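Read through the structure below, which is laid out as structure tokens, and then see the notes.
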Amino acid sequence: MSAAKISAGVVIHTAVGIALMFLGHVLPCPSLVVPVNDALVAAGFPAADGNAVIAITRMGMVNAMIFLGVVYLWTFVDTLWPCFLGVLMLAFSGFTSAPQVLSSFLGNPMVVMIFFTLCFATALIRSNVASWFAQWILRRDFIIGRPWIFTAVLLLASYFLAFFEQTAICFLIWPVLYRIFDQVGFKRGDRYVSVMLVYIIIMALLSFASDPFKTGAFALLGNIWSMATNNPGMNVPALPAASYFCFALVISLTSIACLLLAMRFLFRVDVSPLMKLDPEVLRREPLPPMTGYQIGVLAAFALFACWILLPGIIGKENALGAFLGRNSLLAPLVALFIVGFVHLRGKPIADISETAAAYPWRIFLLIAVAMLLGDAMTGKGTNVTLFMEYVLRNALAGFGYVPLCIAVVLLAILFTNFCNSVVFGLVLTPVLLAMCNAFDMNAGPLMACFIFAVLIAACTPAASPFAAMLFGNTDWLSPREIVRCSVSASVIIAGVVIVVGIPLAMLIF
């Protein structure tokens, strides 16, 4: 019975998603009447009685509905085959030729960089570096008998270890927590159990929003860097990886501190059972020394990180900074070459043919298709970006810069819980940039806050892969507990971004 219901639901959602992809050919094109200006006249919009009509073109509607249909299928059905269907629909839409669609799909320099970055990230995960560090940290004597220090160290360790393997951090830390729960007497439904299991995912999301090296923030920052290169007249802000990383690190550490304070003084979580924690529970298995292969992967990761961060630290006015900034797309390829070329005891540091089995193809295809369809939807001849820009301008007219940033942060953190966060960020980026240009505002601080806020999504199963893993943990958590803890965490992080992040972003950017 259950299987029949699931099957029926999949069929219905599939039909709805595919129908959405065809509706762009028949739906009326929305339009807005706005005060005329020189830019609209120059763009060819007809003016009458001091007003101009901005309408999404038929091609814009077709591309927008293809994209909407793909996002719907991603959310409710699957994340793999809708990618291929979206590319096919775009190729047959008449927007451009099929060879050009395929060139834009996998020939986009940013997509190529993401491919090599995920290849290296896969090698990093397979090295088990994060697991080694987790075991080392949890064997420290100073956390035993100090429940709040133990909790703080566990959250901080989860955040920093997630830079190595974000999507797998729960499978690394959760089993440790399960052993601790069983040993000290915590059970399902206890406040500490619910909060900590949810907060481990929140740590992964904070890392996801901070990480300028791979996926998450890297994809959205890379999109801005690509737009700055391809659209010099758009006044795209410079968001150097190093500056963004410092900004995100401060926001994340402040958020972790606030979450701990909320646990202790707002939720009054009982941590007294942790006083009974036997240190041998954390030292059940001996910790072997770090292998040469793990050290090699760490060295390659350090080189990769320095390559990405250094141009923002030393500037691009010198030879080294200029070279690294000009060739930043090659950083993951160099790291990948090193781990494949350097041999230890007759074997490469990372055997790419072995790591290919664990390569996150779904994530790569999702990002690549989101970039392709997002560019097609907001490209020339569609008027989608301009239409959305004027919708936001009308809604946010009269806002000062700080209230505008607050509105964007709240918009990001709300809507990202109902669709893929990276996709939502990619689509809204050009709209927000155009709006800032229209208001003659510096887009840098606003975009930094938006990128961070849009990647914090854990309140619904459709929000992110992290949220899906959280809602799948039915042995220890109920949906009600997940929603309660994740919503409160999102509110706290949104408050930190608004109170701390906006002034900090205005100072840095």
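If you're wondering where the values come from, they're calculated on a predicted model, not measured in any experiment.
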| said: Could you go through L432 and M435, starting from their C-alpha distance and side-chain angles, then the distance that decides it, and tell me whether this counts as side chain to side chain contact (heavy atoms under 4.5 Å, CB included)? | reply: CA-CA 5 Å; L432 293 175; M435 184 186 67; 3.9 Å; yes

| Are any of the side-chain heavy atoms of R188 and V193 separated by less than 4.5 Å? | no

| V369 to C83 - nearest heavy-atom pair and separation | CG2-CB, 3.6 Å

| field | E481 vs L197 side-chain heavy atoms within contact, under 4.5 Å | value | no

| message | Among R268, R191, M196, exactly one meets side-chain contact (heavy atoms from CB on, under 4.5 Å) together with M263. Which residue is that? | response | M196

| task | Supply the atom-to-atom distance I456 CD1 to I251 CD1, rounded to the nearest 0.5 angstrom. | result | 10.5 Å

| request: Look up atom CG in L504 and atom CZ in F509, then write down how far apart they are to the nearest 0.5 Å. | output: 8.0 Å

| Nearest non-hydrogen partners of S486 and V198, listed with the distance | N-CG1, 3.9 Å

| task | Walk me through it: do I451 and L239 pass the test side chain to side chain contact (heavy atoms under 4.5 Å, CB included)? | result | CA-CA 11 Å; I451 289 173; L239 290 180; 4.1 Å; yes

| field | Nearest heavy atoms of W174 and I201, plus distance in Å | value | CZ2-CG1, 3.7 Å

| Which value, rounded to the nearest 0.5 Å, describes the distance between L220 atom CG and Y244 atom OH? | 7.5 Å

| field | Minimum side-chain heavy-atom gap Y401-M506 below 4.5 Å | value | yes

| message | Minimum heavy-atom separation for A152 and L260, please, with both atom names. | response | CB-CD1, 3.6 Å

| query | What are the two closest non-hydrogen atoms of C485 and Y199, and how far apart are they? | reply | O-CE1, 4.3 Å

| query | Hey, are the side chains of L365 and F105 touching, using non-hydrogen atoms and a 4.5 Å cut-off? | reply | yes

| note | So CD1 of I149 and CG of L154: to nearest 0.5 Å the spacing works out to 13.5 Å

| request: Applying side-chain contact (heavy atoms from CB on, under 4.5 Å) between C405 and each of I498, L446, V497, report the one that passes. | output: L446

| request: Drop me the distance from Y293's OH to L298's CG, to the nearest 0.5 angstrom. | output: 15.5 Å

| said: Could you measure the distance from the CG atom of L68 to the CE atom of M21? Nearest 0.5 Å is fine. | reply: 10.0 Å

| task | Test side chain to side chain contact (heavy atoms under 4.5 Å, CB included) on V297 and Q294 and set out the steps. | result | CA-CA 5 Å; V297 169; Q294 290 174 321; 5.8 Å; no

| request: Step by step, work out the side chain to side chain contact (heavy atoms under 4.5 Å, CB included) result for D190 and V269. | output: CA-CA 9 Å; D190 288 344; V269 176; over 6 Å; no

| query | With a 4.5 Å limit on heavy-atom distance, are the side chains of L411 and F450 in contact? | reply | no

| task | Would you check if L373 and I66 make a side-chain contact, meaning some heavy-atom pair closer than 4.5 Å? | result | yes

| remark: Closest heavy-atom pair, A217 versus L455, reported as atoms and distance to 0.1 Å, is N-CD1, 3.3 Å

| Taking the inter-plane angle between the rings of F301 and F304 on a 0 to 90° scale, is it parallel (under 30°), tilted (30 to 60°) or perpendicular (over 60°)? | perpendicular

| query | Given side chains that start at C-beta, do those of P147 and Y192 come closer than 4.5 Å, heavy atoms only? | reply | no

| request: Please work out which of the three classes, parallel, tilted or perpendicular, describes the rings of F67 and W74, given edges at 30° and 60°. | output: perpendicular

| field | Side chain to side chain, I200 and L155, heavy atoms closer than 4.5 Å | value | yes

| message | One pair to check against side-chain hydrogen bond (donor to acceptor under 3.5 Å, both in side chains): Y159 and S210. What are the steps and the verdict? | response | CA-CA 10 Å; Y159 170 70; S210 305; 3.1 Å; yes

| said: Can you tell me if R484 has over 12 outside heavy atoms packed within less than 6.0 Å of its CZ? | reply: yes

